[in-house]
> 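Pasting a structure below so you can have a look.
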Number of protein chains: 2
Amino acid sequence: MVDVARLAGVSLKTVSRVVNGEPHVQRAMADRVLAAVAELGFQRNHMASALRAGRASATIGLIIEELANPFYSTIAHVTAEMARERDTLLLSASSEEDPVREEQLLRDLCSRRVDGLLVVPAGCDHSFLNSQVEMGIPVVFLDRPGTNIEADAVLLDNRGGARNGVRRLVADGHRRIGVLLDTVDVHTMRERLAGAQDALADAGIGYDGALVRGGVRDPATAAAAVADMLTQPSPPTAFLALNNRITVGAVQELWRRGSDAALVGFDDFELSHLMPRPLTVIGYDTRELARRATQLLFARIDGDRSRPRTVVLPTELLDRGLAPAR
Amino acid sequence: MVDVARLAGVSLKTVSRVVNGEPHVQRAMADRVLAAVAELGFQRNHMASALRAGRASATIGLIIEELANPFYSTIAHVTAEMARERDTLLLSASSEEDPVREEQLLRDLCSRRVDGLLVVPAGCDHSFLNSQVEMGIPVVFLDRPGTNIEADAVLLDNRGGARNGVRRLVADGHRRIGVLLDTVDVHTMRERLAGAQDALADAGIGYDGALVRGGVRDPATAAAAVADMLTQPSPPTAFLALNNRITVGAVQELWRRGSDAALVGFDDFELSHLMPRPLTVIGYDTRELARRATQLLFARIDGDRSRPRTVVLPTELLDRGLAPAR
DNA sequence: CGACGGCCGGACAACGTTGTCATACTCTCT
DNA sequence: AGAGAGTATGACAACGTTGTCCGGCCGTCG
């Protein structure tokens, strides 16, 4: 900017005024400045400009579990779109479900003075964010609530969804229902499992530990778990898969074996209606989830100081049948 | 930092030294500073620190077409992972195939002084980036080459892939092959179409405009195009879908109609092997694409000034059969 | 006992901007 | 003609850091 000022023969401040479109600059002088800007290829330094007077950085931070997962990339996309309307860019990072990494990333984002944070939490303690919130960086949690912190959250009705899924199976006469889940360390999984158990209890079906299989991390382990459970004495006649990766593995294994066990999966996914066997899923509106959370965040950024809210969005049973005809 | 210095009773510079882990600070004094840091909740301002002496912003910019598309979100994920190893974060934005928007986003990223840019180009003129490259912001193009600019590019062998796909159809006896594509405005589509025509010419099959259908933007229009082409006189006996969204629409429509037309799709996608009818696809290693591009970018950031390179990665025909048994 | 080198701490300027204030000039109105 | 208002421009400080340099203290060696 100093160079531009020198070349145009004006003061630094005049260049600043022209570059920012402020009034009170004579036409001729503005033209001279613009010519110098063009000649030198000058470009305003956004960081310096944000630094001065602590203005907003026009950036928001997004922490998700894994960007390559369609659920999270949809969230990232919706948020980025909404941000763009405010000339704000999105800094996104994956926690990979690692609490340590999550904290590092969050601290990094804070030290970059993002205008706000959108977090799908992996950790079990977010108290370190309290000071950031006080210092003016609002946080909205997405999909799962934060822990040890009072902040907005936009969640899904995981418990109700799983309950409806199991009800559907029970209504079809199933009594031995295998439940496949990742880990109860994750809030969503705990809720979904609780919902499944609600429905079983409602139906007067007792708890059978052999029918609940944890530690199912991906399609391959899901397939293995299904195979194992089906070869036990008195195998399940139906399965509830508590996320989409598990569902995919289960579909694949049931199909491979030609099994007619029933299957309901949590999370809809693209092409789920094209699976080689009927598949009923518990779906929800991922875009709406992201939309609500982003709205809430921008409201906070714009100064909304009301009490933290928790929004719970409904799920929907997409009934496409349960099992292949015998 | 001034406040911390005052509270600890030391100078500004000493606080800076402690915060940055520089040597030559007495233990007792460092402890006092750390106590003050903790008490005030001080956090280093990354922007100010980068501003001083024009250091790197530890940020790279990624422009893709649409973050919600698995192809692009995989790229974003791989890049973000590699960036994290260098304590660098990813600013990602979607151009939505809009050249104007692409240019705006790129200029914005430059004004934020990102360390480098990774671009899946939508526009048809990237000459405005030349000055940025000269000023030290390296650019690597991904999936498609940049225009009017000498820069690195990591591409796929689109032409060869499409050629192999059509060859496979021809080998099975097909002579009337419908080609479904988005728009020839996009480099990849042009190349894929050219590859298809190469193979047809090699087989001595003349060009028939009625068999090439452009403007197919999404699964719904793909389904409509398939339906339309199948109801024309002398319909195609096979289809080549030039991207995964088109493939999905085509699968769906062919399945719905119970058609036994053959189908080859460009781009592999998750669950493609679980489609309700055989589906042969032209696949490639998206992660490798992203990996190579990111490597190249970091090499440039680290000062590699060698001539711009263009890397072309191979595709692979994943032959899973062509059509349901009659 | 004085010189020297290593360690430690601080003053100051600079990074690229912009807000604040001061100044000089041009009108218009009494 | 002088006051008052408004416009156009510039000087300067400040945003939060860190690099440079300088000086004081300590111990050691000739």
Side-chain angles (χ1 to χ4, degrees), chain A residues 1-34 36-37 40-59 87 107-115 132 135-137, chain B residues 1-34 36-37 40-59 87 107-115 132 135-137:
Chain A
M1 213 148 146
V2 174
D3 297 339
V4 173
R6 190 158 32 217
L7 181 59
V10 299
S11 83
L12 201 55
K13 181 64 203 184
T14 299
V15 177
S16 172
R17 272 195 267 260
V18 172
V19 168
N20 290 293
E22 285 174 35
H24 306 312
V25 178
Q26 273 187 355
R27 191 54 173 278
M29 192 150 298
D31 287 346
R32 246 167 48 219
V33 170
L34 289 175
V37 163
L40 296 177
F42 166 82
Q43 191 157 28
R44 198 158 140 276
N45 183 325
H46 184 275
M47 292 196 313
S49 140
L51 176 60
R52 165 74 223 223
R55 245 222 314 289
S57 63
T59 312
D87 290 313
R107 286 189 189 277
D108 191 351
L109 288 170
C110 289
S111 88
R112 286 163 194 256
R113 300 294 189 268
V114 292
D115 300 337
Q132 303 298 334
M135 292 174 67
I137 302 188
Chain B
M1 213 148 146
V2 174
D3 298 338
V4 172
R6 189 159 32 219
L7 180 60
V10 299
S11 83
L12 200 56
K13 181 65 200 182
T14 299
V15 177
S16 170
R17 272 195 268 260
V18 171
V19 168
N20 291 291
E22 286 175 35
H24 306 312
V25 178
Q26 274 188 358
R27 191 53 173 278
M29 192 150 298
D31 288 345
R32 249 171 42 222
V33 170
L34 289 175
V37 164
L40 297 177
F42 166 82
Q43 192 157 27
R44 199 159 140 275
N45 183 325
H46 185 275
M47 292 196 313
S49 138
L51 177 60
R52 163 75 221 220
R55 246 221 314 292
S57 62
T59 312
D87 290 313
R107 285 189 191 278
D108 190 352
L109 288 171
C110 289
S111 87
R112 286 163 194 256
R113 299 294 189 270
V114 293
D115 300 337
Q132 303 298 334
M135 290 174 67
I137 302 188

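To find a chain, count down the sequence lines: A is the first, B the second, and so on, and within it residues start at 1. All values below were derived from every heavy atom in this structure, side-chain atoms included, with hydrogens, water molecules and symmetry-related copies excluded.
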> Could you tell me how far apart A:Asn20 (CG) and C:dG19 (P) are, to the nearest whole angstrom?
8 Å
> Between P on D:dC15 and CG on A:Asn45, what's the gap in Å once rounded to a whole number?
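So the two atoms are 18 Å apart, to the nearest Å.
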> Tell me whether the OP1 or OP2 atom of C:dT18 has a side-chain N or O from A:Ser16 closer than 4.0 Å.
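Yes, such a contact exists.
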> Answer with yes or no whether the side chains of B:Thr59 and B:Arg112 bring together a donor and an acceptor at under 3.5 Å.
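No - no donor-acceptor pair under 3.5 Å links their side chains.
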> Tell me: CZ of A:Arg113 to P of D:dG16, nearest whole Å?
9 Å
> Quick one: B:Leu51 CG to C:dT17 P, roughly how many Å, whole number?
9 Å
> At their closest point, which heavy atom of B:Ala58 faces which heavy atom of B:His46, and how far apart are they?
CB-NE2, 4.0 Å
> As a test of understanding, state which of B:Asn20, B:Val4, B:Val2, B:Leu34 forms a side chain to side chain contact (heavy atoms under 4.5 Å, CB included) with B:Val15.
B:Val4
> Which heavy atom of A:Gln43 sits nearest a heavy atom of B:Cys110, and at what distance?
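For A:Gln43 and B:Cys110, the tightest heavy-atom pair comes out as OE1-CB, 3.7 Å.
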> As a test of reading the structure: which of D:dA11, C:dT17, D:dT17 is closest to the side chain of A:Lys13, going by heavy atoms?
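Nearest listed nucleotide: D:dA11.
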> Let me spell it out: for each of B:Ala48 and B:Val25, pick the nucleotide of DNA chain C with the closest heavy atom. Which residue's pick is nearer the 5' end?
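The residue closer to the strand's 5' end, by nearest nucleotide, is B:Val25.
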> When you measure from the side chain of A:Gln26, which nucleotide among D:dT9, C:dT18, D:dT18 comes out closest?
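Shortest atom-to-atom distance from the side chain points to D:dT9.
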> Side chain of B:Ser11 only, heavy atoms from C-beta on: which candidate in D:dT18, C:dT18, C:dG10 is closest?
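In terms of side-chain proximity for B:Ser11, the closest of D:dT18, C:dT18, C:dG10 is C:dG10.
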> Rounded to the nearest Å, what distance is computed from the CE atom of residue A:Met47 to the C1' atom of nucleotide C:dC15?
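Checked: the CE to C1' distance equals 9 Å.
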> Could a donor-acceptor pair under 3.5 angstrom be found where the side chain of B:Arg52 meets the base of D:dT17?
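Flag unset: no donor-acceptor pair detected.
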> Look at all strands and tell whether A:Val19 reaches a base, only sugar-phosphate, or nothing, counting heavy atoms closer than 4.0 Å.
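It contacts nothing in the nucleic acid.
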> What is the distance from CZ of A:Arg112 to P of D:dT17, rounded to the nearest Å?
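Interatomic distance, CZ of A:Arg112 to P of D:dT17: 15 Å.
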> When only distance counts, do a donor and an acceptor, one from the side chain of A:Arg17 and one from the base of D:dG10, lie under 3.5 Å apart?
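Indeed there is one.
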> In whole angstrom, what separates A:Met135's CE from D:dG16's P?
10 Å
> Calculate the interatomic distance between B:Leu12 atom CG and D:dT18 atom P; express it in whole Å.
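The distance from CG of B:Leu12 to P of D:dT18 comes to 9 Å, rounded to the nearest Å.
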> Any side-chain N or O of A:Thr14 less than 4.0 Å from the OP1 or OP2 oxygen of D:dT9?
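No, because none of the side-chain N or O atoms of A:Thr14 sits under 4.0 Å from OP1 or OP2 of D:dT9.
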> Can you give me the closest heavy-atom contact between A:Leu51 and B:Met47, atom names plus distance?
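Where A:Leu51 meets B:Met47 most closely, the heavy atoms are N-CE, 4.4 Å.
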> Nearest to the side chain of B:Phe42 - D:dT17, D:dC15, C:dT17?
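It is D:dT17.
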> Looking at A:Ser49, does any N or O in its side chain come under 4.0 Å of the phosphate oxygens OP1/OP2 on C:dT17?
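No, no such contact exists.
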> Quick check for you: among D:dT18, D:dT9, C:dT18, whose closest atom lies nearest to any side-chain atom of A:His24?
D:dT9
